[in-house]
Engineer: 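This structure is in structure tokens; I'll ask about it shortly.
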There are 4 protein chains.
Amino acid sequence: MRIVSAPVRSLRSDAARNRESLLAAADAEFAEHGLEASVADIARRAGVAKGTVFRHFATKEELIAAVVATYVTTLRDTARDLLDAEEPGAALLEFLTVAADQRQQRDITLLMTASAGDSNVARLRDELHAGIGSLVDRARDCGAVRKDITGTDVFLLMCAPVHAVEYSSDPSPDLWRRYLAIIFDGLRAEGAHPLPQPPPTWP
Amino acid sequence: MRIVSAPVRSLRSDAARNRESLLAAADAEFAEHGLEASVADIARRAGVAKGTVFRHFATKEELIAAVVATYVTTLRDTARDLLDAEEPGAALLEFLTVAADQRQQRDITLLMTASAGDSNVARLRDELHAGIGSLVDRARDCGAVRKDITGTDVFLLMCAPVHAVEYSSDPSPDLWRRYLAIIFDGLRAEGAHPLPQPPPTWP
Amino acid sequence: MRIVSAPVRSLRSDAARNRESLLAAADAEFAEHGLEASVADIARRAGVAKGTVFRHFATKEELIAAVVATYVTTLRDTARDLLDAEEPGAALLEFLTVAADQRQQRDITLLMTASAGDSNVARLRDELHAGIGSLVDRARDCGAVRKDITGTDVFLLMCAPVHAVEYSSDPSPDLWRRYLAIIFDGLRAEGAHPLPQPPPTWP
Amino acid sequence: MRIVSAPVRSLRSDAARNRESLLAAADAEFAEHGLEASVADIARRAGVAKGTVFRHFATKEELIAAVVATYVTTLRDTARDLLDAEEPGAALLEFLTVAADQRQQRDITLLMTASAGDSNVARLRDELHAGIGSLVDRARDCGAVRKDITGTDVFLLMCAPVHAVEYSSDPSPDLWRRYLAIIFDGLRAEGAHPLPQPPPTWP
DNA sequence: AATGAATGAGGCTTCATTCAT
DNA sequence: TATGAATGAAGCCTCATTCAT
């Protein structure tokens, strides 16, 4: 067994480092300027030439999808990990907290909408949806949330706390926790009023 | 009164009609394509030349702000009207229903963010905020909503039901009512848990 | 009848002048650099901004097709005019002379290939083909060209004299006449040998 | 003879094989996409990395010239071989047939124009020109072609049959033989009309 | 006051070429 | 020597805005 493998890896690690830089830069630029962030600015921020962006991501769309994929992957993994938690209600709240915290730093709604057509993102989103569904099922079974709530409901409400805060011009960094608490109170069994519409179906 | 005034008036009414056409066209185009809707398309839809857009609105930003202003004005008036309602709790729910219904048809979050710097929009928003504050005060006073909720909270949560629905790929037209009901349940006094963060201050 | 029509026309004449400048500039640039001539260079040569090119021609392809159309139109008209000539053989030779002379100044083979998909160019080409067909029919009927020649043959050979000259590095300006004469000798009835392949059909 | 030579040799033969692969790939790509064929596609088709292309050919121009050289070399050799043929007229026709057949498969006009400045191609072209000159001299001496024709004339007309066919949208594979026959009839002594221009001089 | 032609900056993407490994 | 990642110039096209008519 020789150390020859080291240089081979280093070649790739250069490219991998650039890829990471690009994802980070894209993440930051999209956070600051939305989808209109230019590829040129992303490249500059990543410290690479414009052409390098397209070596890693064939189109801007693909770059957006790659950024989104990192977020959705993290969320999916979080949901899966929490399936082993002892208290289903606390697990669901924890998931929503992590989800909002992540999104607090970056509003990925736009990005997610833009990459709806990406098959990888679609798969990850389905997996995330499934994970949330399981969390909700467990929480519902033990009475931690109201009976008439589905995983899809929670999936759709996941980002609400952050969106609420976005309307504020200069919010305190943890303000979203306030709105998560309010919305979670709305999900609880106690004091629940009948809902006027049936839950949506997952496509 | 001279005859000259006749053509002047007709010109003015022409201009006024153009302005209305432009606002309607801009509203529709922004609804379909978001902020990227082009001035050229808006002009075409309004049936006027591109140059005419800029005679009425010096920049695209100003046009966006004008569209936003129509929405915020309507909401402000709705809030004010509901101050005379007999049941404060029902009045607040009605306001949130109207707000969500209006936004259901047009996602103006983007527009609103884009026109945050417009002084007219800022004024209208402040007035809307004040109206919501009064609605909430009345509802809180009679126990229809929890004690620890402020008008600013409701202002920020106002759009949450619509945003939740936006994540859905093919929502039923009234799905937002489901999420408004859930969130409103979270605002009720009944079954409220303590909130982890203090309410935000209005700038 | 008022002179009001004058200013209206002048508006258009400004645009029309730009359109003509653009066609001339494009013609020249394509002649010098082939299809790789850049839109920016064409705009510069025409003395207009880049954006103006796209106001007149939505895509570069459309511009190419417009240039080609001017040539094909001229040729079609030439063919039609010569249908009234007294001597069919001389008329056909005259047509080929005009065709080669026009192409001597600009090699439009590439352009024509590039704009094969343009419907206007296709129509003009069909009309040109029909005109050449009539010229050839008349010439054949009076024995000026060999019996086994069709209009499509002449259409395809039309550019051969110019192409031959293009291989020469520094040809005299009228050298193409030499090759037209040789090829036309090949089209004559006198001394014709049987042809190994049937004539092509027009699509 | 040392063992070291083995890897060295194998490296060389590898390089030679790569060179051949590249020429074949370039030939095919240029045939399919013209001069715009990308170096990346050529490398991929040859099964080597992009960098390897530039190890063998310093620039894309050089690669084009190398492809052209293979064609011109073949033609030159064909011309030289046919100098020993018994029937000068048939030999000239055979040469033109081979030339057109070769070009039928690949349109190298563009390539040839692009590599006009390459000294190797220039030398080969001169040798080809000389060979054609000898073929024409012999044919002229025995009356197989008209008196006023030179080798340069035939050199320039060599590609005409193929070019004629290129205008056709869907030609039969042997259509060029028809136009070669017509043009060759124009080169014959019988029925020749005086030519309006003197023959070109070879640079 | 309206028109629509012109402007030109800026966006995404391609590609020949260079260079570190 | 081969690789393929990186470069950056250049290309086509869009669009908010200006201006002559």
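These numbers come from a predicted model, not from an experiment. Just so we're on the same page: letters track the sequence lines, and every chain starts at 1.
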Engineer: For the atom pair OG (B/Ser21) and CZ (B/Arg17), what is the distance rounded to the nearest 0.5 Å?
Structural biologist: 8.0 Å
Engineer: Just so I know, are the side chains of A/Phe54 and A/Val39 near enough to count as touching, which here means a heavy-atom distance under 4.5 Å?
Structural biologist: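 A side-chain contact exists here, since the closest heavy-atom pair is under 4.5 Å.
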Engineer: Taking only residues two or more places apart in sequence, or in another chain, which ones meet D/Asn18 in a side chain to side chain donor-acceptor pair (under 3.5 Å)?
Structural biologist: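 Scan of D/Asn18 (side chain to side chain donor-acceptor pair (under 3.5 Å), adjacent residues dropped) gives none.
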Engineer: Using 0.5 Å steps for rounding, measure from the CD atom of C/Glu36 to the CG atom of C/Asp41.
Structural biologist: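 Result: 12.0 Å between the selected atoms.
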Engineer: In whole angstrom, give the distance that lies between atom CZ of A/Arg17 and atom C1' of E/dA20.
Structural biologist: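 Distance, rounded to whole Å: 13 Å.
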Engineer: Taking only heavy atoms on the protein side, list every residue of residues 50-71 of chain B lying under 4.0 Å from any atom of DNA chain F, sorted numerically.
Structural biologist: B/Lys50, B/Phe54, B/Thr59, B/Lys60
Engineer: Side chain to side chain donor-acceptor pair (under 3.5 Å) with D/Glu166: which residues, sequence neighbours excluded?
Structural biologist: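 Checked D/Glu166 against side chain to side chain donor-acceptor pair (under 3.5 Å); matches are D/His163.
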Engineer: Test: side chain to side chain donor-acceptor pair (under 3.5 Å). Region: residues 49-62 of chain B. Which pairs qualify, not counting sequence neighbours?
Structural biologist: none
Engineer: Give, for atom OH of D/Tyr167 and atom CE of C/Met112, the distance between the pair rounded to the nearest 0.5 Å.
Structural biologist: 7.0 Å
Engineer: Check residues 22-35 of chain B and write down every donor-acceptor pair under 3.5 Å in which the side-chain atom is one partner and the other belongs to a residue at least two apart or another chain.
Structural biologist:
residue, atom, partner, partner atom, Å
B/Asp27, OD1, B/Tyr71, OH, 2.7
B/Asp27, OD1, B/Arg106, NE, 3.2
B/Asp27, OD2, B/Tyr71, OH, 3.0
B/Asp27, OD2, B/Arg106, NE, 3.2
B/Glu29, OE1, B/His33, ND1, 3.2
B/Glu29, OE2, B/Arg45, NH1, 2.8
B/Glu32, OE2, B/Arg45, NH1, 3.3
B/Glu32, OE2, B/Arg45, NH2, 3.1

Engineer: From A/Leu124 CG over to A/Ser115 OG, what is the distance, rounded to the nearest 0.5 angstrom?
Structural biologist: 10.0 Å
Engineer: Name every residue in residues 23-43 of chain B that has at least one heavy atom under 4.0 Å from any atom of DNA chain F, in order of residue number, or write none if there are no such residues.
Structural biologist: B/Ala37, B/Ser38, B/Val39
Engineer: Tell me: CG of A/Asp14 to P of F/dT7, nearest whole Å?
Structural biologist: 11 Å
Engineer: What pattern of brackets, bars and dots sums up DNA chain E from 5' to 3', given Watson-Crick or G-U wobble pairs under 3.5 Å, [ ] for crossing pairs and | for another strand?
Structural biologist: .||||||||||||||||||||
Engineer: Could you tell me whether the phosphate oxygens of E/dA2, OP1 or OP2, come under 4.0 Å of any side-chain nitrogen or oxygen in B/Asn18?
Structural biologist: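 Indeed, a polar side-chain atom of B/Asn18 lies that close.
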Engineer: Applying salt bridge (Lys or Arg N to Asp or Glu O under 4.0 Å), can you list everything that pairs with C/Asp118, at least two apart in sequence or on another chain?
Structural biologist: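 Partners of C/Asp118 under the salt bridge (Lys or Arg N to Asp or Glu O under 4.0 Å) test: none.
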